[in-house]
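Scroll down for the structure; my scribbles are underneath it.
Any value given below was found using the heavy atoms of this structure, including those in side chains, with hydrogens, waters and symmetry copies removed.
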Amino acid sequence: MNDSMNEQYPDVHHDVYDKTMLGFWLYLVTDFMLFATYFAAYVVLAKNTYGGPGVGELFSLPFVLTQTLILVACSFTSGIGGIFAHRKNKAGVIAFFFVTFALGLLFTVMQFCDYSRLIATGNSWHRSAFLTAYFNLVGLHTLHMIFGLIWVILLIIPVCRNGITDVSLRRLSCLRMFWQFITVVWIFIFSIVYLIGA
């Protein structure tokens with residue numbers, strides 16, 4: 001009975017697991033501080049358009065809301081994938097992290113389309129301090145998205161080959177936390193940049 005339970009629900013108080021989770025939490029705290037710095041710069045520079053367009057003229061709120069809902073769904077599927085990882089369910093992990101990857105890729109493609117539209121209309125990061133701050137803040141988030149997508153691929157390949165091992169469980173737990181972190185950051189971006197700006 002106990003052996004069966006340990007196979008499905010690993011001991012999260014195990015030293016290696018705990019140290020990994022603590023280390024990753026510390027990384028997320030430092031990453032949050034980095035984003036906080038970019039948010040502070042954006043808030044200071046948001047009104048410095050130098051006669052150019054502001055948020056209300058440049059962005060479509062329904063488009064950004066769609067992106068937000070996609071990323072929230074992405075965070076949800078990564079959470080379900082994490083649950084399947086703890087239950088050692090290989091098929092569930094692969095399925096839900098595949099959906100996470102697909103949603104994350106869709107979000108990122110939409111973001112690059114938005115960047116292309118801005119640059120094509122002469123609203124690149126060179127035009128004003130506002131746009132410089134915008135591209136820095138949102139671009140930092142996009143870099144995290146690209147990293148997350150690569151990370152999904154790198155972690156799912158060993159799962160397909162070897163199933164859920166102790167090592168893959170720790171890594172998948174960190175990956176789930178990462179997706180949820182960048183979703184929370186995006187919600188701040190959506191609220192501060194797009195909602196308040198509009």
Is it true that [X] and [Y] fall in one hydrophobic cluster, defined by side-chain heavy atoms closer than 4.5 Å?
X	Y	answer
F147	L28	yes
F39	V44	no
V184	V72	no
L169	F98	no
Y115	L61	yes

I want to check something: taking the side chain as every heavy atom from C-beta on, are [X] and [Y] in contact at a cut-off of under 4.5 Å?
X	Y	answer
T183	C74	no
I189	Y42	no
L65	F190	yes

Sort and list the pairs that fulfil salt bridge (Lys or Arg N to Asp or Glu O under 4.0 Å) and have at least one residue in residues 93-120, not counting sequence neighbours.
D114-R117

Which pairs with one or both residues in residues 176-196 pass salt bridge (Lys or Arg N to Asp or Glu O under 4.0 Å), sequence neighbours excluded?
none

Can you tell me how far apart [atom1] ([X]) and [atom2] ([Y]) are? Round to the nearest 0.5 Å.
X	Y	atom1	atom2	value
F130	F135	CZ	CZ	9.0 Å
E57	N123	CD	CG	10.0 Å
R161	S168	CZ	OG	13.5 Å
F97	L175	CZ	CG	4.5 Å
F107	L105	CZ	CG	12.0 Å

Just checking R170: does its CZ atom have more than 12 heavy atoms from other residues, nucleotides or ligands closer to it than 6.0 angstrom?
yes

Which pairs pass side chain to side chain donor-acceptor pair (under 3.5 Å) with one or both residues in residues 73-84, sequence neighbours excluded?
T77-T100

Closest non-hydrogen atom pair, [X] against [Y]:
X	Y	value
G79	Q180	CA-NE2, 3.8 Å
I119	S124	CG1-CB, 4.1 Å
A85	I164	O-CG2, 3.5 Å
M145	W179	CE-CZ3, 3.5 Å
I182	L71	O-CD2, 3.9 Å
I70	L103	CG2-O, 3.4 Å

How about [X] and [Y]: are their ring centres within less than 6.0 Å of each other?
X	Y	answer
F188	H141	no
F24	Y27	yes
F35	F32	no

Where do L34 and D31 land on the side-chain contact (heavy atoms from CB on, under 4.5 Å) test, with the steps shown first?
CA-CA 5 Å; L34 175 63; D31 213 14; 3.9 Å; yes

Check the pair F96 / I83 against side-chain contact (heavy atoms from CB on, under 4.5 Å), numbers first and verdict last.
CA-CA 10 Å; F96 277 94; I83 291 171; over 6 Å; no

Walk me through whether L58 and L131 qualify under side-chain contact (heavy atoms from CB on, under 4.5 Å).
CA-CA 10 Å; L58 289 175; L131 283 167; 3.7 Å; yes

Could you name each residue pair satisfying ring-ring contact (aromatic ring centres under 6.0 Å, His included) that touches residues 49-83, not counting sequence neighbours?
F59-Y134, F59-Y194

Dump the intermediate steps for side-chain contact (heavy atoms from CB on, under 4.5 Å) on T132 and L45, then the final yes or no.
CA-CA 9 Å; T132 299; L45 299 172; 5.9 Å; no

Distance-only check: which donor-acceptor pairs under 3.5 Å involve side-chain atoms of residues 148-158, not counting sequence neighbours?
none

Got a sec, which residues hit side chain to side chain donor-acceptor pair (under 3.5 Å) with W186, two or more places apart in sequence or on another chain?
T68

